[in-house]
Amino acid sequence: KRYQLAGSKWGKKDLSYRIVNYTPDLAQHQVQDAIARALQAWSDHTPLTFRPTTSSNADIQIKFARGSHGDGYPFDGRGGTLAHAYFPGPGIGGDAHFDDGERFTHRSVTGTNLFLVAAHELGHSLGLGHSDVESALMAPYYQGYTTSSVIQPDDIRGIQQLYGRRPPN
Ligand SMILES: CC(C)C[C@H](CC(=O)NO)C(=O)N[C@H]1Cc2cn(c3ccccc23)CCCCCCNC1=O
Ligand SMILES: [Ca+2]
Ligand SMILES: [Zn+2]
Ligand SMILES: [Zn+2]
């Protein structure tokens, strides 16, 4: 019972990300904050660093979309699937898509918290599959706020299997 590795990982430690568009549910700075905190949750446990860019060559591209959005995995409106993401690789690899049929919330324990969904999706963007540890962030079901840290022990073991531990400061 544990994490799954996707079979691909980034061959570099310093990754770039680009927020391509925004959900109308939140202010742009709230989306930027949620994404930055979700990335920080992973970089806290690995040697990885993430920098925002406006370049279309960004490693991780973040998009909000409804229904069919050009990748063969159409979203289903409110409820159901909340988001999906692609394992590390060129092009669409690493990208994360969020279903804008959801009502995303910010720093809230109710509704579909964007930070929590993003932390899960970015786990895939870094090379983690789903965990069968129910309490893990990488479990396939949205669990809302669970404990103070969004990244659970099983998730830490998985991501450190891929990228090692964070070097001491
Ligand atoms: C982990 C999450 C951030 C991303 C995952 C998808 C995923 O793994 N992306 O990488 C997700 O959206 N899981 C569904 C799984 C799911 C639960 N139900 C469904 C009903 C229909 C379709 C899917 C589901 C029952 C009803 C609840 C629906 C709302 C919550 N949805 C979920 O928990
Ligand atoms: Ca949905
Ligand atoms: Zn998509
Ligand atoms: Zn998932």
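Just follow the structure's listing: the first ligand is 1, and inside any ligand the first atom is 1.
- Looking at Thr81 next to ligand 1, no N or O pair under 3.5 Å apart turns up.
- Aromatic ring pairs are classed by plane angle as parallel below 30°, tilted from 30° to 60° and perpendicular above 60°; the pair His69 and His97 is perpendicular.
- Checked by distance only, ligand 1 and Gly80 come closer than 3.5 Å through their nitrogen or oxygen atoms.
- Side chain to side chain, Thr53 and Ser55 fail the donor-acceptor criterion of an N or O pair below 3.5 Å.
- Polar contact check, Glu121 against ligand 1: a nitrogen or oxygen pair lies under 3.5 Å apart.
- Considering backbone and side-chain atoms together, Gly79 places no N or O closer than 3.5 Å to any N or O of ligand 1.
- When ring centroids are compared, His84 and His124 stay outside the 6.0 Å threshold.
- No close placement of the Tyr17 and Phe50 rings is indicated, their centers lying 6.0 Å or farther apart.
- With hydrogens and angles left out, the side-chain atoms of His106 and Asn113 include no donor and acceptor closer than 3.5 Å.
- Note: angle at the Ca ion (ligand 2), from O of Gly79 to O of Thr81, is 100° (rounded to 10 degrees).
- Atom numbering of ligand 1 starts at 1 in the shown order; those under 4.0 Å from a heavy atom of Ala83 are 6 (C), 7 (C), 9 (N), 10 (O).
- The shortest N or O to N or O distance between His124 and ligand 1 is below 3.5 Å.
- Atom OE2 is the N/O/S atom of Glu102 found closest to the Ca ion (ligand 2).
- Among the atoms of Asp76, none of the N or O lies under 3.5 angstrom from an N or O of ligand 1.
- For the Zn ion (ligand 4), the N/O/S atoms of His84 include none lying under 2.8 Å.
- Considering just the N/O/S atoms of Asp99, the one nearest the Ca ion (ligand 2) carries the name OD2.
- Residue contacts with ligand 1: Pro140 is placed with a nitrogen or oxygen under 3.5 Å of a nitrogen or oxygen of the ligand (distance criterion only).
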